Amino acid sequence: MKPIRIMMTLNLILLLCGFSQAGQIEWLPKDSSYPLPIFDPKAAVQSLSMLDYNVEGADKNVAYVPVTLSMRQQFVRIEQPNNQMLELGMSFSVFSQWSIVDVGEAFMGGVQNTDYRISGVGTYRWNLSTFLRMSLFHQSSHLGDDYIIRNEITKATLRTLNYEQLDLSITKLFSTWQIYMGGGYNVSPHTVRGRGTFQLGIEYTRPLNMRMALKTGANLTLHEQNEYTPNLRGGLGVEVGRNTPTPFVIMFSAYKGHLPYSTLEYQKVQLLGLSLIIPIK
């Protein structure tokens with residue numbers, strides 16, 4: 001692995017040197033140019049949802065509250081006069097999932113699971129509407145104490161959500177549309193998880209006025225781990241605070257497929273409810 005890492009480092013240095021000859025370099029820029037796909041359940045955003053959690057084969061539903069906390073930081077940005085740009089940075093996200101269940105005498109809530117993801121990210125803007133993105137991330141996933149105690153789990157659970165992955169994607173912007181597609185490969189040497197992942201998504205934004213817009217979209221993800229069963233999330237809502245530093249989206253969201261988070265990914269679920277999404281720069 002060392003020769004591969006050395007070659008990747010040398011190629012990166014050569015790329016930066018060649019790309020920066022006629023470009024403007026900015027160190028530690030405050031934001032990122034990459035348009036985040038907010039309908040992706042694993043996007044690096046701030047979000048809070050209240051969802052009905054229906055597991056295939058189960059005889060009862062529970063309230064499901066996934067919460068995402070994220071941060072992104074670009075280390076260097078190199079802009080060219082022809083609108084091309086290169087950014088190198090990182091992102092960190094915590095995907096916590098809470099469940100609220102009826103225990104007979106009262107409703108009780110607790111942490112069901114928490115996923116952690118840290119990514120090294122490179123973004124290349126081909127022109128003002130086309131973005132290429134490469135990400136190498138590490139993810140780990142852990143059941144919460146509340147869930148373990150409530151379900152009397154005494155044996156180790158599957159660790160298929162602990163792995164490293166290399167992702168490549170392309171995003172294209174139109175006047176009111178955003179379309180993206182990509183793939184990923186699990187690069188962990190001794191993994192217990194399937195290797196391949198594919199993703200396709202679309203978003204539509206219709207401005208209502210200077211501060212509000214109608215927002216809708218869908219995200220499709222396929223994992224080799226789950227025999228490429230379609231995992232589809234869609235949403236319809238309103239973007240508030242458009243053209244301000246702190247916009248947010250309130251939407252009705254629906255999801256069908258394998259649970260998008262946690263060591264309980266093997267569950268086939270339907271999730272319906274309201275989501276609050278705050279994109280971060």
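Bear in mind that the values here come from a model prediction, so they are computed numbers and not experimental data.
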What orientation do Tyr163 and Phe137 show, parallel under 30°, tilted 30 to 60°, or perpendicular over 60°? perpendicular
Heavy-atom check, side chain of Leu161 versus side chain of Arg117, under 4.5 Å: no
If we count only N and O atoms by modelled type, under 3.5 Å, do the side chains of Asn113 and Asp115 hold a donor and an acceptor together? yes
In this structure, which one of Arg77, Arg72, Gln73 forms a side-chain contact (heavy atoms from CB on, under 4.5 Å) with Asp31? Arg77
Met210: hydrophobic cluster co-members (side-chain, 4.5 Å): none
Take atom CZ in Arg211; do more than 12 heavy atoms of anything else shown fall under 6.0 Å from it? no
Sub-3.5 Å donor-acceptor pair from the side chain of Arg233 to the main-chain atoms of Ser253, do we have one? no
Taking Ser70 for the side chain and Val45 for the main chain, is one N or O donor matched with an acceptor at less than 3.5 Å? yes
Indicate whether any N or O donor in one side chain lies under 3.5 Å from an N or O acceptor in the other, for His142 and Thr114. no
Would the distance check show the side chain of Thr197 and the main-chain N or O of His223 forming a donor-acceptor pair, the cut-off being under 3.5 Å? no
Is it true that a side-chain atom of Asn162 and a backbone atom of Ser141 form a donor plus acceptor pair closer than 3.5 Å? yes
Quick one: side chain to side chain donor-acceptor pair (under 3.5 Å) partners of Asn226, sequence neighbours excluded? Glu265
For Gly194, is there any backbone N or O sitting under 3.5 Å from a side-chain donor or acceptor partner on Glu224? no
By the salt bridge (Lys or Arg N to Asp or Glu O under 4.0 Å) test, which pairs, at least two apart or in different chains, include something from residues 167-188? none
Can you give each donor-acceptor pair under 3.5 Å made by side-chain atoms of residues 174-183, sequence neighbours left out, with the distance rounded to 0.1 Å?
unit_1 : atom_1 : unit_2 : atom_2 : d
Gln178 : NE2    : Pro35  : O      : 3.3
Tyr180 : OH     : Asn219 : OD1    : 2.7

As an exercise, state the distance from CZ of Arg125 to CD of Glu87, rounded to the nearest 0.5 Å. 8.0 Å
Heavy-atom distance under 4.5 Å between the side chains of Thr221 and Lys42, does that happen here? no
Counting C-beta onward and ignoring hydrogens, is there a side-chain heavy-atom pair between Gln225 and His258 closer than 4.5 Å? no
Less than 4.5 Å apart, side chain to side chain, heavy atoms only: is that true for Leu173 and Phe131? yes
Pairs where residues 26-57 contributes a residue and the test ring-ring contact (aromatic ring centres under 6.0 Å, His included) is met, not counting sequence neighbours: Tyr53-Tyr64
Considering only residues two or more places apart or on different chains, which pairs with a residue in residues 74-93 satisfy ring-ring contact (aromatic ring centres under 6.0 Å, His included)? none
Would you say Thr191's side chain and Arg193's backbone share a donor-acceptor pair under 3.5 angstrom? yes
